[in-house]
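Right, one structure below, let's go through it.
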Number of protein chains: 2
Amino acid sequence: MVASLVGDPARSNMLTALMTGRALTASELAHQAGITPQTASSHLSKLEAGGLIEPEKQGRHRYYRLTGPDVAHVLEGLAGLAERAGHTRVRTGPKEPALRRARICYDHLAGDLGVQMLDSMRSQRLVRQTKQSIELTGEGKRFMAEALQIDIETLAHPRRPVCKACLDWSERRHHLAGTLGAAVMSRFTELNWAARDPAPGSRVVNFTRTGEKQFAALFGHAQD
Amino acid sequence: MVASLVGDPARSNMLTALMTGRALTASELAHQAGITPQTASSHLSKLEAGGLIEPEKQGRHRYYRLTGPDVAHVLEGLAGLAERAGHTRVRTGPKEPALRRARICYDHLAGDLGVQMLDSMRSQRLVRQTKQSIELTGEGKRFMAEALQIDIETLAHPRRPVCKACLDWSERRHHLAGTLGAAVMSRFTELNWAARDPAPGSRVVNFTRTGEKQFAALFGHAQD
DNA sequence: TTCATAGTTCGATGTTAACCGAAGCATCGT
DNA sequence: ACGATGCTTCGGTTAACATCGAACTATGAA
């Protein structure tokens, strides 16, 4: 049954990550879904057997993509029904609630707080988001310099964008990635506002008391 | 999550039964899905909470229908994906395999054998099936009279059709209902070809050795 | 009123499947 | 050759949920 494939939270997270049309590797998908590679592997083979995704081997990577636009269409339809029912509440994947609150996504902040930050930046007009790309406004550059002592000019990178929207598996919305996202996260760490959980391999990010307060002052709930 | 609602076999059976557009009572749906009323009640409230179906009270009955054509549309889309993947294999509901082989659906034969019978009748040109209605051919009338000593003329009924296609939950295909379906089943019983399971409340139908043989001779696997 | 039917709620049971650790290929880089 | 990385397979644990029996509510019939 196809529906039961989509029904599982972890698989659903993977599929939404693939909705962009891009092909992603198995480990990227595992990361997006917040599960280990072993578990992801099992899910991916099930999705493949169900004809929803197809793999492409490339070196030691396996890239997966949706098998076709019809799949994306049905997934959108399901999302539409969920929306209509006000049923959009996030069915979180497995494991720790702390992971949903704040965690590391590669090198930047993800989870509830990560999404909240980007939301706030949008409503404060610090960034302009057009379709797939994000751009910092003049206001935004000033803000980063003054509030966080981050010089945008130093963030340019040949292969990596400064701002990038990254899909958040626990929130199903975007948080800030790119070199700016990384810079912000490391600044948080330097300022002793937050620290990665000491447990080996953990992606949880713990905020300090003052960190929480400062974060709220800068990116507190937007009223838009 | 909407998809997980559709993913469960029992719920999926109920939904496909509702795909006709008609509203069905809770017990009818339980019957179609092959589960007890208690279980059905739980499923129905979940489907209602998910916004897929809506109830209508009428006396002591609760009629359920799909909330809209968009729901039906998404369900069709899912079925389409399943089809495309050659993934149409029946994910049966719970319980006894005997129930899937042959059982009573109100008063006629359902399950694997029920579906097989109607299939065979079609390929033998005993019936003509147009969209939603089924009609016995002249050949069919002769067949019923000779092979089963059933006189079609006596089967007319003011409120009930002689032939009717009834959706089979375990096979997802039609079997024969209506007064003819009932007549055939009671003939099978009289001829000692089959008998309802003596266990109280059981819907299982047990075929005798000779019954199996005779049935196969009349409705053996069609080669169409 | 009393009985029967339709449906729900509650509690207990059982099965399924997601999950991860550990170990096993395969591929790439050196 | 060797180690590192990406991914898979295997085994055992755990949590979620479908399932049913029994008891309860509501509606209709006698």
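Below, chains carry the letters A, B, ... as their sequence lines are ordered, and counting in each starts from 1. The figures here come from the full heavy-atom set of this structure, side chains too, leaving out hydrogens, waters and symmetry mates.
- Listed nucleotides: D:dA18, D:dA29, D:dG6. Nearest to the side chain of B:R11: D:dA18.
- Remark: C1' of C:dC19 and CG of A:D8 are 10 Å apart, rounded to the nearest angstrom.
- The side chain of A:H43 approaches C:dC19 more closely than any other nucleotide in the set D:dC7, C:dC19, C:dT5.
- When distances run from any side-chain atom of B:K57 to the nucleotides C:dG29, D:dA26, D:dT19, the shortest one goes to D:dA26.
- Within 4.0 Å (heavy atoms only), A:T25 reaches sugar-phosphate atoms of the nucleic acid but no base atom.
- Atom CZ of A:R60 and atom P of C:dT27 are 11 Å apart (whole Å).
- Each of B:H61 and A:S42 has a nearest nucleotide on DNA chain C; the 5'-most of these lies closest to B:H61.
- Note on B:K46: a side-chain N or O is less than 4.0 Å away from OP1 or OP2 of D:dA18.
- For the pair B:H31 NE2 and C:dG7 C1', the computed distance is 16 Å after rounding to whole Å.
- A:L5 places its CG atom 11 Å from the P atom of C:dA17, with the value rounded to the nearest Å.
- One can find a donor-acceptor pair under 3.5 Å joining the base of C:dG21 and the side-chain atoms of A:Q38.
- Of the side-chain N and O atoms in B:T39, none sit less than 4.0 angstrom from OP1 or OP2 of D:dT19.
- Contact between the side-chain N/O atoms of B:R62 and the OP1/OP2 oxygens of C:dT8 is found at a separation under 4.0 Å.
- Shown here for B:L78 and A:A3, the closest heavy-atom pair between the two residues is CD1-CB, 4.1 Å.
- B:M14 places its CE atom 11 Å from the P atom of D:dA18, with the value rounded to the nearest Å.
- When heavy atoms are screened at a 4.0 angstrom cut-off, B:Y63 is found touching no nucleic acid atom at all.
- When the P atom of D:dC7 is taken as reference, atom CG of A:L44 falls 9 Å away, rounded to whole Å.
- Taking the six-membered ring for Trp and thresholds of 30 and 60 degrees, A:H108 and A:H175 have ring planes inclined between 30 and 60 degrees apart.
- Rounded to an integer number of Å, the gap from CG of A:L29 to P of D:dC7 is 9 Å.
- Comment: A:R209 does not engage A:E212 in a salt bridge, judged by the lack of any side-chain N to carboxylate O separation of less than 4.0 angstrom.
- Counting only distance, with no hydrogens or angles, the side chain of B:R196 and the backbone of B:N206 share no donor-acceptor pair below 3.5 Å.
- One interatomic measurement links the two molecules: CD1 of A:I35 to P of D:dC7, which rounds to 13 Å at whole-angstrom precision.
- Comment: B:R62 does not engage B:E54 in a salt bridge, judged by the lack of any side-chain N to carboxylate O separation of less than 4.0 angstrom.
- You'll find that the side chain of B:T36 is closest to D:dC20, out of D:dC20, C:dT8, D:dT27.
- B:S27 has a side-chain polar atom (N or O) that falls below the 4.0 Å cut-off from OP1 or OP2 of C:dG7.
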